[in-house]
Protein chains: 2
Amino acid sequence: MIGYRLKQAQAALRSRMDETLKQLELTTSQYSCLETIGRRPGASNAEIARSVFVSRQAMNTLLRGLQQRGLVTRAERAEAGRALPIRLTGEGRRLLGEAAARIARIEKAMSDALGPERRTSLMSGLTRCVDALEDLPDPE
Amino acid sequence: MIGYRLKQAQAALRSRMDETLKQLELTTSQYSCLETIGRRPGASNAEIARSVFVSRQAMNTLLRGLQQRGLVTRAERAEAGRALPIRLTGEGRRLLGEAAARIARIEKAMSDALGPERRTSLMSGLTRCVDALEDLPDPE
DNA sequence: GAGGATATGTCAGAATATTGACATGAAGCA
DNA sequence: TGCTTCATGTCAATATTCTGACATATCCTC
C-alpha cells in the first residue's frame with residue numbers, strides 16, 4: 001500500500017507541475033533539468049540525468065531542446081574526461097526563476113497541509129524508504 | 001524538497017519492482033494492471049487506466065499485450081455502455097500470485113524500515129499531500 | 001608503460017506514453 | 001422526443017524514454 005500511495009502522490013504532483021509549467025512552455029522534466037543546472041553550474045549530462053532520474057540518453061535529447069531554445073549552453077570541448085559542462089544562459093536563469101516561483105506554490109501547498117512536524121516526519125520517512133530499497137538484496 | 005524526495009522514492013521503488021518482475025517477464029505497469037484487475041474483476045479499460053495513473057490509450061495497448069499472452073480476457077460485447085469488462089485468466093491469476101509475492105517483499109522492506117507508527121504516519125502524510133494537490137486552485 | 005575497470009557522450013532502434021480526434025452508448029433535461 | 005453532456009473505446013500522429021552498443025577519456029593496478 002505504501003507503493004500505491006507513493007505513486008498516487010507522485011502522479012498528482014507531476015500533474016500539477018505540468019499544469020502550471022505548461023504556461024511557460026516547460027515540462028516537469030525540463031524544469032527539473034534547469035533546476036539541477038541552477039544548483040550545480042557546470043554539471044555534466046550524466047550528472048543531471050542521475051539527479052532527474054532519467055537515462056543519459058533521455059537527458060541528452062532533453063538538453064538539446066533547451067539548448068535550441070537558448071536556455072542552456074554546453075561546452076564545446078571537455079575540460080577533463082568527456083564531460084561537457086552545462087550552464088544556464090541569462091534567459092535560462094530568468095525562466096527558471098519564474099518556474100521556480102510557480103513550483104514553490106505547489107510545494108507550499110503540501111507543506112501547509114502537513115505542518116512542520118508532519119512535514120519533517122514525511123521527509124524522513126521517505127528517506128528511510130529510499131535507504132531500505134537501496135539496501136534490498138538483489139533477487140537471485 | 002518534498003517533491004524531490006517523492007520522486008526519488010518513487011524512482012527507487014519502481015527500479016526495484018522492475019528488477020524483480022523482470023524474472024516473470026512483467027513490467028511494473030503490467031503488474032499494476034494485473035493487480036487492479038485482481039482487486040476489481042470486470043473493470044473497464046478506462047477504470048484500470050485511472051487506477052494505474054496512465055492514459056486510456058496506454059492502458060489499451062498494455063492490455064492487448066496481456067491479452068495476447070493469455071493473462072486477461074476482455075468481453076466481446078459491452079454489457080452496459082461501451083465498457084468491455086476485463087478479467088484475469090487462470091494463468092493470469094497464477095502469475096499475479098507470483099508477482100504479488102515478490103512485490104510483497106519490497107513492501108515489507110519499506111514497512112520494516114519504518115516500523116508501524118512511522119509507516120502509518122507516512123501513509124497519512126502522503127494522503128494529505130494528495131488532498132492538498134487536488135484542492136490546489138488552477139493556475140489562472 | 002600496459003591493461004582493465006569505470007564513466008561519459010552518442011547513435012540507433014524499439015518500446016512506451018501522450019495528445020488530439022472521432023464514434024458510440026448512457027444519462028439527464030427541456 | 002430531441003438535445004446536451006459525459007464516459008468509453010479506439011485510431012493516428014507525435015513525443016518521450018529506454019536498452020543496447022560503441023568510441024573515447026580517466027583512473028587504478030600491475
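Here is the naming used below: chain letters follow the sequence lines, and residue numbers restart at 1 for every chain.
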Problem - Salt-bridge criterion met for B:K22 and B:D18 (N-O under 4.0 Å) - result: no
Handout entry: B:E98/B:R94 salt bridge by N-O under 4.0 Å criterion
Key = yes
Practice task
Under 4.0 Å between any heavy atoms, over every strand shown, what does B:A58 touch: base, sugar-phosphate, or nothing? Just pick one.
Solution key: base
Handout entry: Distance, rounded to the nearest Å, where A:L84 contributes CG and D:dT26 contributes P
Key = 12 Å
Exercise for the section: Using a cut-off of strictly less than 4.0 Å, decide whether B:N60 has a side-chain nitrogen or oxygen near OP1 or OP2 of D:dG9. Expected result: no
Practice task
State, to 0.1 Å, how close A:P41 and A:G38 come at their nearest heavy-atom pair, and which atoms those are.
Solution key: CD-O, 3.8 Å
Handout entry: Separation of atom CD1 in A:I48 from atom P in C:dT10, rounded to whole Å
Key = 12 Å
Problem - Short side-chain N/O contact from B:R74 to OP1 or OP2 of D:dT10, under 4.0 Å - result: yes
Problem - Candidate nucleotides D:dT8, C:dT16, C:dC11, ranked by approach to the side chain of B:T27 - the nearest - result: C:dT16
Practice task
Could you tell me the separation between the CD atom of A:E19 and the C1' atom of C:dT19, rounded to a whole number of Å?
Solution key: 15 Å
Handout entry: Position toward the 5' end of DNA chain C (nearest nucleotide), A:K22 or A:A46
Key = A:A46
Completion exercise
Among C:dA17, C:dT10, D:dT17, the one nearest any side-chain atom of A:L62 is D:dT17
Practice task
May I ask you to verify if any side-chain N or O of A:R56 is less than 4.0 angstrom from the OP1 or OP2 atom of D:dC22?
Solution key: no
Exercise for the section: Please answer: with hydrophobic residues joined when any side-chain heavy atoms are less than 4.5 Å apart, are A:L71 and A:L21 in the same cluster? Expected result: yes
Exercise for the section: Measure distances between side-chain N and O atoms of B:R82 and base N and O atoms of C:dA23, and say whether any donor-acceptor pair falls under 3.5 Å. Expected result: yes
Exercise for the section: Would you mind classifying the nucleic acid contact of A:S29 as base, sugar-phosphate or nothing, using non-hydrogen atoms under 4.0 angstrom? Expected result: sugar-phosphate
Handout entry: Donor-acceptor pair (no angle test) under 3.5 Å: A:Q57 side chain, D:dG20 base
Key = yes
Practice task
Nearest whole angstrom, please: distance from the C1' of D:dC18 to the CZ of B:R14.
Solution key: 11 Å
Handout entry: Distance, rounded to the nearest Å, where A:I86 contributes CD1 and C:dG9 contributes C1'
Key = 10 Å
Practice task
Answer with yes or no whether the hydrophobic clustering places B:Y4 together with B:I2; edges join I, L, V, M, F, W, Y residues whose side-chain heavy atoms lie under 4.5 Å apart.
Solution key: no
Exercise for the section: Check every atom of C:dT16, C:dT8, C:dA17 against the side chain of A:A83 and return the nucleotide holding the closest atom. Expected result: C:dT8
Exercise for the section: List the steps and the verdict of side chain to side chain contact (heavy atoms under 4.5 Å, CB included) for A:L63 and A:C33. Expected result: CA-CA 8 Å; A:L63 273 173; A:C33 175; 3.7 Å; yes
Problem - Atom pair distance, as rounded to whole Å: CD in A:E47 and C1' in C:dG9 - result: 14 Å
Handout entry: Toward the 5' end of DNA chain D, by each residue's nearest nucleotide, B:N45 or A:M59
Key = B:N45
Practice task
For B:S55, answer base if it contacts any base atom (sugar-phosphate contacts may also be present), sugar-phosphate if it contacts only those atoms, and nothing otherwise; contact means non-hydrogen atoms under 4.0 Å.
Solution key: base
Exercise for the section: For C:dT8, take OP1 and OP2 only and decide whether either is under 4.0 Å from a side-chain N or O of A:R50. Expected result: yes
Practice task
Compare side-chain N and O positions of B:R64 against OP1 and OP2 of D:dC11 and report whether any pair is under 4.0 Å apart.
Solution key: yes
Practice task
Starting from P on D:dT17, measure out to CG on B:D18 and report it in whole angstrom.
Solution key: 16 Å
Practice task
Write down the distance between CD (A:E76) and P (C:dG9), rounded to a whole number of angstrom.
Solution key: 14 Å
